[in-house]
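What follows is a set of notes on a single structure, which appears directly below.
Residue numbers start from 1 in every chain, and the chains themselves are labelled A, B, ... in the order their sequence lines are given, proteins ahead of strands.
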2 protein chains.
Amino acid sequence: MTDRHIDVHKAHDHEACIDTALARARALCDDRDVQLTPIREKVLAIVWKSHKPVGAYQVLDELARTHKAARPPTVYRALDFLIAEGLIHKIESLNAYLGCGEAGVAHTSQFLICRVCGTTEEIVDPKLDHALDAAARRARFTVERKMVEIAGLCGRCAG
Amino acid sequence: MTDRHIDVHKAHDHEACIDTALARARALCDDRDVQLTPIREKVLAIVWKSHKPVGAYQVLDELARTHKAARPPTVYRALDFLIAEGLIHKIESLNAYLGCGEAGVAHTSQFLICRVCGTTEEIVDPKLDHALDAAARRARFTVERKMVEIAGLCGRCAG
DNA sequence: GGCGGATTGTTATGTTGTATCATCGCCGGC
DNA sequence: GCCGGCGATGATACAACATAACAATCCGCC
């Protein structure tokens, strides 16, 4: 496999980004015997159009261009499916959705969200993950879902 | 100062909890020369009625019992003030608000949210905080706001 | 007395997310 | 062949969360 950990802040071949994500999604759904239907795939492609979280109604607007019957439930059902399959994440502090760069790999939601350009980078930091687990264990808490969202300035926007 | 790190999952004198929070808020606002007006204090008291995050419209319903003119902006303005002064936190994954147990002390938002009973514990974990900073630094990211929300089962509900 | 800033009142609207029931297409059992 | 079930989608309505914009009020201060 090629290195998927690209720097989202730098110029890169984003078409390839999207293609990789879609191909990966198809493979994962196939493995799991779940259906990546045309609607779901279109929604996934829309979410992947950038490295910025996208709102559900923004997805709806895009989807409606090629799918006139699209309504809020159409979009939310697709988003729910994609989240359940680990293909996208919800960014809670923005009520928006972002393609998962680590689909198929167990990991925690950890994000760096640039306040200026909106670009949101998913990071995978085992030490941070371990610190989360340790904190929960200390409080006798059984972890089901971990959310880490760090807002601020990306290197490009700060520099 | 008495130990304010009580175990929110255990039975405790919650009236004292509220009183402490309100007294602390009054003192902090006084120090800072900002006004903890009756509306703001009422909203703070409502948020502190439990250790579960409370929605803005739930606050509105409560507030309206004693303050007929209350409307959504009334509540959101009070909540915004309380957040700005560090007296409450917003729990992003629930769109709800929780009294801050560490008001006046610089700290990161770190929460353990029980899916069953709703009780949400604020934790202050310097190691976790450091791990967040380290992860951001590694990505050349300037941190402005850190949010950690861990959802799952509290010790009581896990059995 | 009146100016200015902070707070609250008031109305309307924008944004995000769900409930509910109907319909469709497919596939396997009989 | 057909029928029953299931997963997916269509369609309407509504609930929940949040803000815009402007008016009115209060209060300290010159």
**Asked** side-chain contact (heavy atoms from CB on, under 4.5 Å) between A/Leu128 and B/Leu132: does it pass, once the steps are laid out?
**Response** CA-CA 6 Å; A/Leu128 174 48; B/Leu132 293 168; 3.6 Å; yes
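- In this structure, the CG atom of A/Leu60 is 15 Å from the P atom of D/dT9, given to the nearest Å.
- Per the geometry, CG belonging to B/Asp33 stands 13 Å off P belonging to C/dA6, to the nearest Å.
- Hydrophobic cluster membership of B/Val124, counting Ile, Leu, Val, Met, Phe, Trp and Tyr whose side-chain heavy atoms lie under 4.5 Å apart directly or via other members: none, as it forms a cluster of its own.
- Counting only residues at least two apart or on different chains, the side chain to side chain donor-acceptor pair (under 3.5 Å) pairs with a member in residues 27-38 of chain B are B/Arg32-B/Glu85.
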**Item:** Per-nucleotide protein contact string for nucleotides 24-30 of chain D (B base, S sugar-phosphate only, - none; heavy atom under 4.0 Å)
**Value:** -------
Heteroatom pairs (N/O) under 3.5 angstrom, protein to nucleotides 16-20 of chain C:
unit_1, atom_1, unit_2, atom_2, d
C/dG17, OP1, A/Lys90, NZ, 2.5
C/dG17, OP2, A/Tyr76, OH, 3.0
C/dG17, OP2, A/Tyr97, OH, 3.3
C/dG17, O5', A/Tyr76, OH, 3.4
C/dG17, N7, A/Tyr57, OH, 2.6
C/dG17, O6, A/Tyr57, OH, 3.2

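- The aromatic rings of B/His107 and B/His89 sit perpendicular to each other, their planes meeting at more than 60°, with 30° as the lower class boundary.
- The salt bridge (Lys or Arg N to Asp or Glu O under 4.0 Å) search around A/Asp133 returns A/Lys146, not counting sequence neighbours.
- In summary, of the residues considered (A/Leu98, A/Leu94, A/Val59, A/Val43), a side chain to side chain contact (heavy atoms under 4.5 Å, CB included) with A/Val54 occurs for A/Val59 alone.
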**Request:** Just do the salt bridge (charged side-chain N to carboxylate O under 4.0 Å, His left out) check on A/Arg26 and A/Glu41 with the steps written out, would you?
**Result:** CA-CA 9 Å; A/Arg26 280 187 283 259; A/Glu41 190 169 330; 2.3 Å; yes
Under 3.5 Å, which donor-acceptor pairs do the side chains of residues 73-80 of chain B form with other protein atoms, sequence neighbours left out?
unit_1, atom_1, unit_2, atom_2, d
B/Thr74, OG1, B/Arg71, N, 2.9
B/Thr74, OG1, B/Arg71, O, 3.2

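- Nearest-nucleotide assignment on DNA chain D puts the 5′-proximal partner with A/Val34, out of A/Ala69 and A/Val34.
- Non-hydrogen atoms lying under 4.0 Å from DNA chain C are contributed by B/Gln35, B/Thr37, B/Ile39, B/Arg40, all within residues 35-47 of chain B.
- Note on B/Lys90 versus A/Glu92: no salt bridge recorded, every NZ/NE/NH1/NH2 to OD/OE distance being 4.0 Å or above.
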Side chains of residues 110-121 of chain B: which donor-acceptor pairs under 3.5 Å do they make with residues two or more places apart or in other chains?
unit_1, atom_1, unit_2, atom_2, d
B/Gln110, OE1, B/Asp125, N, 3.0
B/Arg115, NE, A/Glu144, OE1, 2.6
B/Arg115, NE, A/Glu144, OE2, 3.3
B/Arg115, NH2, A/Glu144, OE2, 2.7
B/Thr120, OG1, B/Gly118, O, 3.1
B/Glu121, OE1, B/His9, NE2, 3.4

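- In this model, the phosphate group of D/dG10 is approached by a side-chain N or O of A/His67 to a distance below 4.0 Å at OP1 or OP2.
- More than 12 heavy atoms of other shown residues, nucleotides or ligands fall within 6.0 angstrom of atom NE2 in A/His12.
- Contacts between residues 109-116 of chain A and DNA chain C, defined by a heavy-atom separation under 4.0 Å, are absent.
- The environment of A/His14 atom NE2 is dense: over 12 non-hydrogen atoms of other residues, nucleotides or ligands sit within 6.0 angstrom.
- If you take CZ of A/Arg71 and C1' of D/dT12, they are 9 Å apart, rounded to a whole angstrom.
- Taking CG of A/Leu87 as the start and CG of A/Leu44 as the end, the distance is 6.0 Å to the nearest 0.5 Å.
- Following rounding to the nearest Å, A/Leu63 (CG) and D/dT9 (C1') show an atom-to-atom distance of 12 Å.
- For B/Leu79 and C/dT7, the CG to C1' distance is 15 Å, given to the nearest whole Å.
- For B/Arg156, the salt bridge (Lys or Arg N to Asp or Glu O under 4.0 Å) test picks out no residue, with sequence neighbours left out.
- Across the helix from C/dG1-D/dC30 to C/dC30-D/dG1, the helix axis at one end is tilted relative to the axis at the other end by 0° (nearest 10 degrees, each axis from five pairs).
- Separating the CG atom in A/Leu22 from the CH2 atom in A/Trp48 is a distance of 9.0 Å, to the nearest 0.5 Å.
- Here salt bridge (charged side-chain N to carboxylate O under 4.0 Å, His left out) pairs that include residues 54-63 of chain B, with residues two or more places apart or in two chains, are B/Lys49-B/Glu62, B/Glu62-B/Arg65.
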